[in-house]
Amino acid sequence: WLAVEVSAVVDRQDVERAWERAALLRRAGLQALAVAAGHRWTQGAEQVAERKGVILQKDGQIKFVEQALGTAKRNST
């Protein structure tokens, strides 16, 4: 599953919301990745996304997929 937060400008709160929603899905026993998507993202969003393992997406760019997969794997066991 993907827990996606969409905003024109992705900030750290958007990243946190995506992470929290993915965590809820994982607690329910589902495999879930957190994604925050928009036209651009802030530096704060990028820092939090990398630390928490949330995928960032903008204009065809995608970041932190490996971190997100690692987070999902750690939390599914």
Side-chain angles (χ1 to χ4, degrees):
W1 293 93
L2 296 176
V4 182
E5 182 71 23
V6 178
S7 182
V9 179
V10 176
D11 61 19
R12 58 180 70 228
Q13 288 84 13
D14 297 315
V15 173
E16 291 284 351
R17 279 192 293 274
W19 185 85
E20 290 168 7
R21 290 178 181 140
L24 286 171
L25 290 169
R26 287 191 290 268
R27 275 184 257 158
L30 302 169
Q31 293 181 351
L33 297 174
V35 181
H39 290 289
R40 65 183 190 91
W41 58 65
T42 65
Q43 184 176 0
E46 194 168 356
Q47 292 168 348
V48 173
E50 184 174 22
R51 187 178 77 245
K52 289 203 160 194
V54 175
I55 296 169
L56 285 180
Q57 189 280 328
K58 71 173 180 177
D59 295 329
Q61 292 181 340
I62 191 166
K63 289 185 87 166
F64 310 128
V65 173
E66 293 299 321
Q67 291 90 331
L69 291 171
T71 297
K73 186 175 182 178
R74 281 191 305 277
N75 292 317
S76 69
T77 56

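Residue numbers run from 1 in the order of the sequence given.
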A.B. asks: For a side-chain contact (heavy atoms from CB on, under 4.5 Å) with Ile55, tell me which candidate from Val15, Leu69, Val35 qualifies.
C.D. replies: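 Answer to the side-chain contact (heavy atoms from CB on, under 4.5 Å) test with Ile55 among Val15, Leu69, Val35: Val35.
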A.B. asks: Rounded to the nearest 0.5 Å, what separation is found between the CG atom of Leu2 and the CD atom of Gln31?
C.D. replies: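 Rounded to the nearest 0.5 Å, the CG-CD separation comes out at 11.5 Å.
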A.B. asks: From Glu50 CD over to Leu56 CG, what is the distance, rounded to the nearest 0.5 angstrom?
C.D. replies: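 Between Glu50 CD and Leu56 CG, I get 9.5 Å after rounding to 0.5 Å.
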A.B. asks: Could you report the tightest heavy-atom contact between Asp14 and Val9, atom names first, then the distance?
C.D. replies: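 Reported closest heavy-atom pair: OD2-O, 3.4 Å.
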A.B. asks: What distance separates Arg12 CZ from Glu46 CD, expressed to the nearest 0.5 Å?
C.D. replies: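 Interatomic distance, Arg12 CZ to Glu46 CD, rounded to 0.5 Å: 11.5 Å.
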A.B. asks: Which heavy atom in Val54 sits nearest to a heavy atom in Ala18, and how many Å separate them?
C.D. replies: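 Closest approach of Val54 to Ala18: CG1-CB, 4.3 Å.
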A.B. asks: Measure the spacing between CD of Glu20 and CD of Glu5 and express it to the nearest 0.5 Å.
C.D. replies: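 Glu20 atom CD to Glu5 atom CD measures 10.0 Å (nearest 0.5 Å).
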A.B. asks: Under a 4.0 Å N-O cut-off, is there an ion pair linking Lys52 with Glu16?
C.D. replies: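 Here Lys52 pairs with Glu16 in a salt bridge, since their nearest N and O are under 4.0 Å apart.
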A.B. asks: What about Val48 and Val6, same hydrophobic cluster or not, with Ile/Leu/Val/Met/Phe/Trp/Tyr joined at side-chain heavy-atom distances under 4.5 Å?
C.D. replies: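 Cluster IDs for Val48 and Val6 differ.
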A.B. asks: In the single-linkage hydrophobic clustering (I, L, V, M, F, W, Y; side-chain heavy atoms under 4.5 Å), do Leu33 and Val4 co-cluster?
C.D. replies: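 Cluster IDs for Leu33 and Val4 match.
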A.B. asks: Is Trp19 atom CH2 crowded by more than 12 heavy atoms from other residues, nucleotides or ligands, each under 6.0 Å away?
C.D. replies: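 No, because the 6.0 Å sphere around CH2 of Trp19 holds 12 heavy atoms or fewer from other groups.
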A.B. asks: Roughly how far, to the nearest 0.5 Å, is NZ of Lys58 from CH2 of Trp41?
C.D. replies: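 Nearest 0.5 Å value for the CH2-NZ distance: 5.0 Å.
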